[in-house]
Amino acid sequence: MNTGLDNLDILELDRRTFLKAVGMLGASAFLGNYGTQIARALKVAETKVVWLNGAACTGCSMSFINSAHPDVVQAITELNVNIGYMETLSPQQGIFVDGAPAGTSELNSELKIEELVREGGYILVVEGAVPFGGSGRYLTIAGKPFKDILKQVAGKASAVVAMGACSSFGGVPSARSDIRKDTDYRGLLFTGTEKKGAFSELGIDKPVINLAGCPPNPEFGLITLGALILGKITPADLPDILDRYNRPTVFFPPDHTIHENCPRRGYYDKGQLDTEFSGEHCLRKLGCKGPYTHSDCATRRWNNALSMCTKAGSPCIGCMEPGFPDSFSPFYRESEGVGILLGADANTIAKVAIGAAAVGVGAHAVRRVMVSMKKHDAEPEKAEEAQE
Amino acid sequence: MTTITIDPLTRIEGHLRITAEVDERGIVKSARSSGTLFRGIERIAQGRDPRDMARIASRICGVCPTCHSIASVSAQDDLFGVASSVPRDALVMRNILQGLNWVASHATHIYVLFAPDLANPGYRKVLESRNLGSVWKELAGRFAPISYAIEGQPVPPGSSYLAAIPARRKLHEAMAVLGGKMPDQMAAIVGGVTYRPTAADITKVASYWIDTAGFVNDYVLPGSKGVDLDTWLSLTHDGVSPEKAVENLLGYMGGLSLNDLSREAGWSDAVLFAAFGSELVGEKLLSLPASLKLDRLGGYGDASKIGFLSYGVFYNAEKDGFDPTSPAGERFLSSGFTSGDLKREAFDHMKVTEHVAHSFYTSGSDLHPWDGATEPVKAGSDIGFEGDKYSWLKAARYRGIPSEVGPLARMINNKEPLVMGLAAAFAKNGYSPANVYTRMLARMQETLIVARELKKWVTEDLDPAGRYAVPTDLWMAKSGKGVGLWEGPRGALGHWLSTGGDSMIRNYQAVVPTTWNAGPRDGSSVPGPIEQALSGSAISAAGNALGADNANPVGILHVARSYDPCLACAVHTIDMNATQRSFLVVGGL
Ligand code: SF4
Ligand code: SF4
C-alpha cells in the first residue's frame with residue numbers, strides 16, 4: 001500500500017499526522033515500518049504501565065497479547081515499556097503473612113503497586129467494570145474494594161486508558177438484569193451512554209481514552225499506548241481526537257459504520273439478504289448491527305487483519321458501541337423498529353441513530369463536553385448539545 | 001501457626017484469594033479458597049432471546065470463550081430440538097474452533113501462567129546448593145516472565161515464554177479464519193455454525209497447524225532428536241500399556257547427558273519438566289541429584305473425599321447430530337467419573353449438586369443446578385473472608401464428593417496410558433496419584449493428543465462443500481429447556497437453560513470448571529479440591545528443602561495455579577429468587 005507516508009520520520013511527526021499515519025497503515029504495518037525509530041526514540045525514557053483488572057473476563061488482556069508485528073513482548077521491549085503491574089502476566093502476587101505484606105516488590109504485588117503509586121507518572125490501563133453495590137465489595141483485591149484501589153491508582157496516573165467495553169461503558173456486567181441496581185457496575189466515565197461513571201463517583205477528575213470493544217482490537221491498545229509513550233498525544237489533546245464517548249475517532253470513525261466497508265456489502269446493495277446461517281450474502285435480515293456500529297472492524301479487521309465477524313457469516317452485534325450489549329440485543333433479529341421508524345436506508349439510519357455526535361459535532365463541541373464533564377455539570381452540557 | 005494469604009493470586013484468569021494456615025515446619029494445615037468477584041451473568045441472561053447467549057456466555061471468560069459459546073449453543077441445539085440434526089460438518093467446525101482454543105489455552109497456561117514459577121528464586125538456591133546451577137540456568141532461561149527481577153538484577157524473559165506468546169497468537173489467528181475473530185469467535189450458533197469455510201481457509205488453517213506443530217517439536221518435545229509429536233504419542237499413548245508408556249519416557253530421559261541440558265541436546269521443555277519436576281521420577285528413578293519435588297505438592301490426603309469428573313468434549317465427527325447428555329464414549333474425550341481410589345463409573349449429571357453453605361448466597365444449598373435458587377448477599381459487611389461464608393464460588397459436588405475437573409480428570413477418565421502409568425507409579429510409592437506434577441503433565445499430554453486430532457479435523461474432515469447449519473426459528477424455543485454438557489480446557493462445563501411461552505430465557509445456569517476445583521467447603525464442611533490439595537503441601541521451594549520462607553510461598557502458588565483457575569467463569573448466580581424455582585428437565589433423561 002502506498003500511503004505516501006513511507007518516508008516520514010515518526011519522531012518529527014506532529015500529532016495529527018502521526019494518528020493519520022497509524023490510521024492509514026494500521027498498527028501492524030506502522031510498527032513494522034517504524035520499529036527501529038521507536039526503539040531509537042525510546043532508549044531515552046522508560047514508561048511504566050499499570051494495568052488493573054476490575055470485573056472482567058480477561059478477554060481484553062487476551063486480545064491485547066494477540067498483537068502481531070511486533071508481537072506484544074517485542075512491542076513492550078521496543079517501546080521500552082515497563083509493565084509495572086498486570087495481574088494476568090505479572091511475576092508478583094499479593095503475599096501477606098499474618099495480615100502484613102511480606103517480602104519485596106519483586107514477588108509481592110501489594111508492595112509493587114505501593115511503590116508504583118508512590119512514584120506516580122504511569123499510564124493506567126483499566127480492564128473491567130467497577131462495582132459500587134455492596135459498598136464496592138462485589139469485587140475485592142487484597143481484601144480491598146476495587147473502587148478504592150482504582151481511586152488510589154488513578155490519582156497518580158499520567159494518562160488513563162479504558163481497555164474494552166466494561167471499563168469504557170460498563171459492558172456485560174452492567175447489562176440489564178433484575179440485580180443491576182444491587183451490583184451497580186460502572187465504566188470509568190460512562191455507564192452505557194450516560195456519563196455516570198466510577199470516576200465522578202470517586203471524585204477523580206481525569207480524562208479517559210475509551211478503547212471500546214468486547215474485546216477491543218489489539219491494535220487499538222498498541223497504537224494508543226505507542227502514541228502516549230511517544231508523546232504524540234497528551235491528555236491536553238484528547239478533546240480533539242476523541243468522540244463524545246471518548247473513543248479515538250481514528251478507530252471509531254464518527255462518520256461511517258462497519259456497513260460501509262463490510263466484505264458482504266455488495267450483496268446488500270443487490271438486495272441479496274440471507275435468512276439462514278452459513279450463507280454468503282448480507283446478514284441484515286439475520287440481525288446484523290453493522291449499519292449502527294462505528295468502528296473500523298471492516299477495514300482494520302481482526303487477528304492480524306485476517307477476518308472479521310461479518311466475513312465469517314456472523315451478524316455484527318455492535319460490541320464497539322457504548323450501548324453494548326443491551327442496545328443491540330436481540331442480536332439475531334432484524335432491527336425492524338429502527339428501520340420502520342426512520343423509513344430510510346441503513347446509512348441514514350446510522351447517522352440518525354448515533355445522533356449529532358456522529359455527524360455534526362466538531363472538535364469544539366467535543367471539547368465543551370469534556371469541559372462540562374470536568375465540572376460534573378450535566379445540565380448545561382445537555383443544553384449545549386441541544387443547541388448543536 | 002502462621003496465616004499466609006495470597007491475594008491477588010495473579011497469573012490466573014480472574015480474582016482468587018488463598019488463605020493458608022501454616023505450621024512451624026512450613027506445611028499447610030488447612031486452606032481456604034475464595035473467589036472475590038461477583039458479576040451475575042446468569043441473571044443478565046434472563047428475559048433475553050436464548051440465541052444471544054451464544055455471544056454473551058462467551059463473555060463469561062475471555063481466556064476460554066469458545067467452550068462457553070459451544071456449551072451454550074449445545075444447550076440451544078437441545079432447546080430448539082435440533083441436537084440430533086446439527087450437520088456433521090458444523091460439528092467438525094465446532095471441534096476445530098474448540099481444539100484451536102484448547103491448544104492456545106493450554107499453551108498459555110503452561111508457559112505464561114504456570115512455568116514462570118519454575119524460575120522462582122527459591123529454586124535457584126536449592127539447585128545451586130546441589131550443584132545443579134545448570135538446571136537453574138535452563139529454568140530461568142526458558143521460563144522467566146516479562147518485567148522480572150531477582151535481587152535487583154533484571155531477568156530477561158525466557159526463550160520458551162517468548163516463543164509461546166506468538167504461538168498462542170497464531171492459534172487465535174487460525175480461529176479467526178473460521179470464526180471471524182478471537183477472543184470471542186462469532187461462528188458457533190444454534191443449529192450449526194455461521195460460516196462455510198472455503199478451500200483457501202482450510203489451507204490457511206492447515207498452515208497454522210504446521211506452525212503450531214513446529215513450536216511443539218522445537219520447544220515442547222525433542223523434535224530435533226527425532227521425538228516429534230507423532231513419535232512421542234506412539235511411545236507414550238498409542239496402544240501402549242501404562243507401564244510401557246512410563247518405561248518409554250524413562251528410557252528416553254535415561255539416555256540423555258547431564259552435561260548438556262540444552263533443548264538441542266534433547267532436554268526439551270516437557271522432558272526437562274518430566275525429569276526435574278518430580279522427586280520419584282527424577283531423584284528415585286533417574287538418580288538425579290535433586291528435583292523440584294512437584295509430585296510432593298498438591299495431592300489429596302483422603303481418597304474418599306475426592307473424585308475426578310469429566311462431562312465429555314469434542315463431538316463424534318463421523319455423523320450428524322449429538323446426544324446432549326454426553327453418554328460415555330460418545331465424545332472424542334469421554335465423560336466419566338473416577339473415584340479417589342481410581343475406580344471408574346459412568347457419568348450421570350443428575351448427581352451434580354451445588355452447595356452455598358460457605359458462599360456469599362443466602363438460599364438453596366445442595367441442589368441440582370436445575371433446582372437451584374440463589375440470592376447473593378447485598379450488604380458489603382456480609383462480604384468478608386474470615387467468616388463462615390467466604391467465597392463467591394459455590395461448592396459443586398458429584399454425588400456429594402468434591403471433584404477435580406480438568407486435563408488430569410479427563411486423562412484419568414479416558415485411561416490415558418502415560419498419565420495412568422505415572423499415577424499408578426505414584427500411588428505404589430506412597431504419593432498421591434494426583435499432584436502438581438501429574439496435573440501439569442496431563443495438561444501437556446492432552447495438548448498433544450488434541451493437537452494431533454486437530455490435524456485430522458482440519459485436513460480430512462472439514463469439507464468446503466459441506467452443510468454448516470440447519471434452519472431454526474425462535475418459535476422452536478418456546479416453553480422449552482436444554483442442556484449443554486461440554487468441557488473447557490480447565491474442565492467440565494455445563495450450561496442449562498429454560499424458556500417461557502415467549503421463547504425468552506426464564507432461567508440460565510452455568511456450572512463451570514473452577515467452581516469444581518476452587519469452590520469452598522460444602523454443607524458438611526468438606527473442603528473443595530484446591531483446599532484439600534493445599535493441605536499437607538510444603539510452602540517453599542522443593543519441599544522446604546532449605547527451610548520455609550513465608551515471604552516466598554511458591555508451593556502454595558504452584559498448587560493453586562496447577563488447576564489453571566478461571567474465576568470469571570466460576571462466579572455466577574442461579575435463578576433469581578427462591579419463589580421462582582426452576583424446573584429444567586434434561587433432554588433424553
Ligand atoms: S448489513 Fe451487515 S452484513 Fe450486510 S453489508 Fe451491512 S454490515 Fe455487512
Ligand atoms: S464487527 Fe461488530 S461485533 Fe464484530 S468486533 Fe466489530 S463491532 Fe464487534
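Every value quoted in this text rests on a predicted model; they were computed, and no experiment measured them. Proteins get letters first, then strands, A, B, ... in listed order; numbering begins at 1 in each.
- Closest non-hydrogen pair, B:Phe385 versus A:Arg137, comes out as CE1-NH2, 4.2 Å.
- At a 4.5 Å heavy-atom cutoff, the contact between B:Pro121 and chain A is made by side-chain atoms alone.
- No donor-acceptor pair under 3.5 Å is formed between the side chain of B:Arg43 and the backbone N or O of A:Ile179.
- Here B:Ser147 contributes atom OG and A:Ile76 contributes atom CD1; the two are 6.5 Å apart, rounded to the nearest 0.5 Å.
- Of the two parts of B:Leu113, only the side chain, counted from C-beta on, holds a non-hydrogen atom closer than 4.5 Å to a non-hydrogen atom of chain A.
- B:Arg11 places a side-chain N or O within donor-acceptor distance of the main-chain N or O of A:Ser90, the cut-off being under 3.5 Å.
- Of all non-hydrogen atoms in A:Trp302 and B:Gly180, the two that sit nearest each other are CB-O, 3.9 Å.
- If you take OG on A:Ser63 and CG on B:Asp184, they are separated by 9.0 Å, rounding to the nearest 0.5 Å.
- Judged by distance alone, with hydrogens and angles left aside, the side-chain atoms of B:Arg59 form no donor-acceptor pair with the main-chain N or O of A:Val172 at under 3.5 Å.
- For chain B, the option among A:Asp182, A:Leu286, A:Asn82, A:Val72 with the highest count of heavy-atom pairs below 4.5 Å is A:Asp182.
- Between chain A and the options B:Val112, B:Val177, B:Leu557, B:Asp382, heavy-atom pairs under 4.5 Å are most frequent for B:Leu557.
- Proximity to chain A (any heavy atom under 4.5 Å) is restricted, for B:Val193, to the backbone atoms N, CA, C and O.
- Highest contact tally toward chain B, considering only A:Cys297, A:Pro91, A:Ser174, is held by A:Pro91 [criterion: heavy-atom pairs under 4.5 Å].
- Of the residues considered (B:Arg561, B:Met1, B:Arg467), B:Arg561 shows the highest number of contacts with chain A, using heavy-atom pairs under 4.5 Å.
- With rounding to the nearest 0.5 Å, the separation of CG in A:Leu89 from CD1 in B:Ile146 is 5.0 Å.
- Heavy-atom pairs under 4.5 Å with chain A were tallied for B:Arg51, B:Gln185, B:Lys170, B:Met175; the largest tally goes to B:Arg51.
- Most heavy-atom pairs under 4.5 Å with chain B: of the set A:Gly99, A:Pro173, A:Gly133, this distinction falls to A:Pro173.
- Within the 4.5 angstrom heavy-atom criterion, only side-chain atoms of A:Tyr185, from C-beta onward, approach chain B.
- Listed options B:Lys204, B:Arg196, B:Lys378, B:Glu151 were ranked by heavy-atom pairs under 4.5 angstrom with chain A; first place goes to B:Lys378.
- Looking at B:Tyr161, only its side chain comes within 4.5 Å of chain A, counting heavy atoms on both sides.
- Using a 4.0 Å cut-off between a side-chain N of Lys or Arg and a carboxylate O of Asp or Glu, B:Asp52 and A:Arg333 do not qualify as a salt bridge.
- In terms of heavy-atom pairs under 4.5 Å with chain B, the best-connected choice from A:Gly136, A:Ala55, A:Ala102, A:Gly171 is A:Ala55.
- Interface remark: A:Thr183 contributes side-chain atoms only to the contact with chain B (heavy atom separation under 4.5 Å).
- Note: B:Thr5 leads B:Asp49, B:Thr5, B:Leu162 in heavy-atom pairs under 4.5 Å with chain A.
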With a 3.5 Å cut-off and sequence neighbours excluded, list the donor-acceptor pairs that the side chains of residues 140-147 of chain A form with protein atoms.
| from | atom 1 | to | atom 2 | distance (Å) |
| --- | --- | --- | --- | --- |
| A:Lys144 | NZ | A:Glu110 | OE2 | 2.7 |

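- Neither the backbone nor the side chain of B:Pro116 comes within contact range of chain A; no heavy atom of the residue lies under 4.5 Å from a heavy atom of that chain.
- Annotation: the span from B:Ile18 atom CD1 to A:Gln93 atom CD amounts to 11.5 Å, rounded to 0.5 Å.
- Neither the backbone nor the side chain of A:Phe64 has a heavy atom closer than 4.5 Å to any heavy atom of chain B.
- Among A:Asn108, A:Asp326, A:Thr275, the residue making the largest number of heavy-atom pairs under 4.5 Å with chain B is A:Asp326.
- Distance check, rounded to the nearest 0.5 Å: CZ of B:Arg48 to CZ of A:Phe331 gives 7.0 Å.
- Using a 4.5 Å cut-off between heavy atoms, B:Met53 makes no contact with chain A at all.
- Under the 3.5 Å distance criterion, the side-chain polar atoms of B:Gln46 are left unmatched by any main-chain donor or acceptor of A:Ser177.
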Item to complete: Report the C-alpha separation of A:Glu87 and B:His15 in whole Å, then their side-chain angles, then the decisive distance to 0.1 Å, and conclude whether the side chain to side chain contact (heavy atoms under 4.5 Å, CB included) test is met.
Response: CA-CA 9 Å; A:Glu87 284 184 31; B:His15 301 280; 3.6 Å; yes
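- Checking A:Asn66 against B:Arg168 by side-chain atom types alone, a donor-acceptor pair falls below 3.5 Å.
- Judged by distance alone, the side chain of B:Thr194 and the main-chain N or O of A:Ala312 form a donor-acceptor pair under 3.5 Å.
- Between the CG atom of A:Leu306 and the CE atom of B:Met182 there is a distance of 14.0 Å, given to the nearest 0.5 Å.
- Across all their heavy atoms, A:Ile95 and B:Asn550 have their closest contact at CG2-O, 3.9 Å.
- Contact of A:Ser67 with chain B is made through the backbone alone, with heavy-atom distances under 4.5 Å.
- Counting heavy atoms from C-beta outward, B:Lys181 and A:Asn217 have side chains that stay 4.5 Å or more apart.
- B:Val554 does not touch chain A: none of its heavy atoms, backbone or side chain, sits under 4.5 Å away.
- When all heavy atoms of A:Ala68 and B:Glu173 are compared, the closest pair comes out as CB-OE2, 4.0 Å.
- Taking chain B as the reference chain and counting heavy-atom pairs below 4.5 Å, the highest number among A:Ser278, A:Ser307, A:Gly313, A:Gly103 is found for A:Ser278.
- Closest approach of B:Arg55 and A:Tyr332 over heavy atoms only: NH1-OH, 2.7 Å.
- Side-chain contact between A:Val97 and B:Thr3 is absent, with no heavy atoms from C-beta onward closer than 4.5 Å.
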